[in-house]
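By convention in this document, chain letters (A, B, ...) are assigned in the order of the sequence lines, proteins followed by strands, and residues within each chain are numbered from 1. Below, each value reflects all heavy atoms present in this structure, side chains not excepted, and no hydrogens, waters or symmetry copies.
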Amino acid sequence: MKPEPNRFLLISRDKVFLSRAYLAALIFFILPFFPHVSEVKAENNVPAAEQIISADEQAVNLPVKRSGFWLPENISTVGGKIDSLFYFILILTGIIFLGVQGTLFYFIFKYRAGAHPKSHYTHGSKRAEIIWTLIPVLILTFLAFWGQRVWKEVKHVAADTADTVKIRVQAEQYAWNMQYPGADGLFDTEDDIRNINQMHIPAGKPVRVTLTSIAKEGAPAVIHSFFLPDFRIKQDVVPGMAIDLSFEAVRTGRYEIACAEFCGLGHYRMKGFLTIHTPEGYENWLKAEALSS
Amino acid sequence: MKIFSTDHKVIGKQYLVFSLCMFLLGGLLAMLMRWQLAYPGKPVPFLGGLFPDNMFVGGVMLPEFYSSLFTMHATVMIFFAIIPLLVGAFGNYLVPLQIGANEMAFPKLNAWSFWLLPPAVLTALSGFFLEGGAAQTGWTAYAPLSVFEPVGQNCWILSLLIAGTSSILGAVNFLTTILNNRAPGMGFFRMPLFVWSLFITALITLAGTPVLSAALLLLLSDRLLHTSFFIPAGGGHPLLWQHLFWFYSHPAVYIMILPGMGMISEILAVHSRKPVFGYKSMVYAMLSIAVLGFLVWGHHMFQSGMNPLLGTTFMVSTLIIAVPSGIKTFNWLGTLWKGSIRLNAPMLNALAFLSMFVIGGLSGVFMSSTPVDMYIHDTYFIVAHIHYVLFGGSMFAVFAGVYHWYPKITGRQMSAKLALIHFAVTFFAFNATFFPMHLLGLGGMMRRLYDPTQYAHLRHLQPLNVAVTHSAFLLGLGQIPFIINFFGSMVWGRKAESNPWKANTLEWSVSSPPPEKNFEKIPEVFRGAYEYSVPGQTKDWLPQNEKQL
């Protein structure tokens, strides 16, 4: 008898099917390299400069209203990319979920003992194994490339420009100490502005925050986590490390800063306040702070 | 029956009762937590007045107590409920029987493994009675916080050192037993998948648990001897703790699911009267999960401050590990395909495992993507994932296993009616409790919050927290039919025959319960474990030890 040909890679002899399958695989690999395909949603979130500048200064003092059980509105430049990836995964897992659950319920119904008394004796199918191994591998490879690109953008701390707002955040049990360089642009000089829990930034300008964890009398330095849900960003604050985090707001408003790593008894009340001004409003705030100190 | 018996069946039963009780204790701790989350600052009815002043004031729990609740809930559930249930109870009871052996390789060591556990859990719980309270840093015990916590943390460390020893001794026992004590004819690829799962789980335990023990010793040293392994001022690094801890704790989650997967493969085959679809693929998938499981620990640390490049490498390895889990899921569906499905108690729970584990696994895809994880890390989205895989997965597998093997272990049938009530209430209440947590997480609710209403951006989520709490209480109440059925059937249940499910594996070839010496004559094995509905046979099952002429 002729030996069975090695069908490990040849999942089908159907040339039409094969060529379509390979084309699909090719597309999966090429797509991540076209930025605009994966950033459609993000572009909708970046507003024109006019929107920022014409925002009512009064709105800055009102806390943002929350409703519904879903993601809060994204207000950062990079948040849209994270949201796009999230929605892709949601759709992907949604399809898989419906497919698997649907199949499960269908089998339970169709093959219930009363309706299907005799089972079909089989030990499996090599072809099925290959298909349901390769397809997830392809999809996950696509996901890996996309995720890596977004990760690089989110983590990249660009070199400071004249516009970059620099802030030092020193987390302690249980408060966020803010330090601004003041008019001279240098830290640890006389004109530095310091406060507790009040972060102020301008919209539309890059912000670079340096996170450290400090000890106080009777309160050791522990790990905290700087979390801005509306920006989609989070960074653990680790004793012994100074970690930079870059972000940029696209609109004004007042938001909360949350601690997202259990840091002790006061963890649940370790909240800060983030006020995002218009660029002029920010300058006014800086001047007011300089005068009052 | 000797209390310090070395009979694997007695030890298995001791593990079963002990860990089911620990499951209830862990559940009670969780329900106390849920009260506080739904009604922050309101006195706990009845119980509030029973606790001392360092935990409750005016019936309202203090942040100290809340912190010890989430720490001890996880610790009890992981180390004293799920691992002992899957490995200690089902593993010990079934493995010698399924491989045709009369005993484990090291019976005395087996007894030691069990008897180390009650003192271990008492050590951890003793923290509640000490000044400063029980361990309060979360079961993850991140340094430097865990270095400075009160003395309850030492109790926790000692407890896990003892429990870890118990696990390692057990792993040595399982590996030796499975390698050496198989009956003639039981080649590796004729072993039931449950035995394979225990073999692989034992390998993971042996490779991973010593790392946790080492980390715990370093932490104890920092606490008591004032070394600085994790304190920057003394030259140490907080991230060292995280790497060491997660190097064990990630493979630990595979310890907590693989035996469950093994049981589900058995139960699906028996109750659809079909061979397992893709037996060899299932074995290779479990082996891949075990190996890959040691390469993904950094996905717990994406936002930890470690080198962002590691965010990429661990994302890739984490995405890869989704593949073998998917293969197993599809093979289970294949096992059901064209079967003859009996919807009895073991099968219902097994089908629930399949359904819920898929949800838990799919939510993992969100976390594996590092930038998405930036948002959902340390939120309730993670809590939802954890509970879908550990309760929806492991616990439903445990329930399925209890309903399936109870007749063999006790010689009695359980009540099918109580089983159905238990299943229905548990399935509904489980989803009602944990599905909304995905939404809480997406709304930005962080973990380990004593009072989420302190944050203005979380207040609108409070109705969801209340709904989750009510469902959690229902979930707790839903276990009452199970408790009644479990203990009551031992007395009231109809006597069970040796093979009520008409299954092929060797445990069903002896009486229910088995005699003290399992096999008067060691059986000879002629075929694999899943020859159901073989064409040309008069009956739809074909035991492994039945000689065919």
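Only the side chain of A/Ile243 comes within less than 4.5 Å of a heavy atom in chain B; its backbone stays farther off. If you measure heavy-atom distances from A/Gln235 to chain B, the contacts under 4.5 Å come from both the backbone and the side chain. At a 4.5 Å heavy-atom cutoff, A/Ser225 makes no contact with chain B through either its backbone or its side chain. Of the two parts of A/Glu256, only the side chain, counted from C-beta on, holds a non-hydrogen atom closer than 4.5 Å to a non-hydrogen atom of chain B.
A side-chain donor-acceptor contact under 3.5 Å links A/Gln101 and B/Ser355.
Taking the six-membered ring where the residue is Trp, A/Trp132 and B/Phe277 present tilted rings, their angle falling between 30° and 60°.
Among B/Leu343, B/Ile320, B/Thr329, B/Thr137, the residue making the largest number of heavy-atom pairs under 4.5 Å with chain A is B/Thr137.
Taking 4.5 Å as the limit, some side-chain heavy atom of B/Leu461 sits within range of a side-chain heavy atom of A/Phe69. Residues A/Thr122 and B/Lys274 are in side-chain contact: their nearest non-hydrogen atoms beyond the backbone lie under 4.5 Å apart. Between A/Phe227 and B/Tyr375, some side-chain heavy-atom pair lies under the 4.5 Å cut-off. Residues A/Ile223 and B/Gln242 are in side-chain contact: their nearest non-hydrogen atoms beyond the backbone lie under 4.5 Å apart. Residues A/His120 and B/Trp337 meet the side-chain proximity criterion, which asks for heavy atoms closer than 4.5 Å.
Judged by distance alone, the side chain of A/Lys234 and the main-chain N or O of B/His377 form a donor-acceptor pair under 3.5 Å.
Ring centers of A/Phe262 and B/Tyr142: at least 6.0 Å apart, outside the cut-off. The six-membered or imidazole ring of A/Tyr268 lies away from that of B/Tyr66, with a centre-to-centre distance of 6.0 Å or more.
Annotation: salt bridge (charged side-chain N to carboxylate O under 4.0 Å, His left out) contacts of B/Asp540 (sequence neighbours excluded): B/Arg273.
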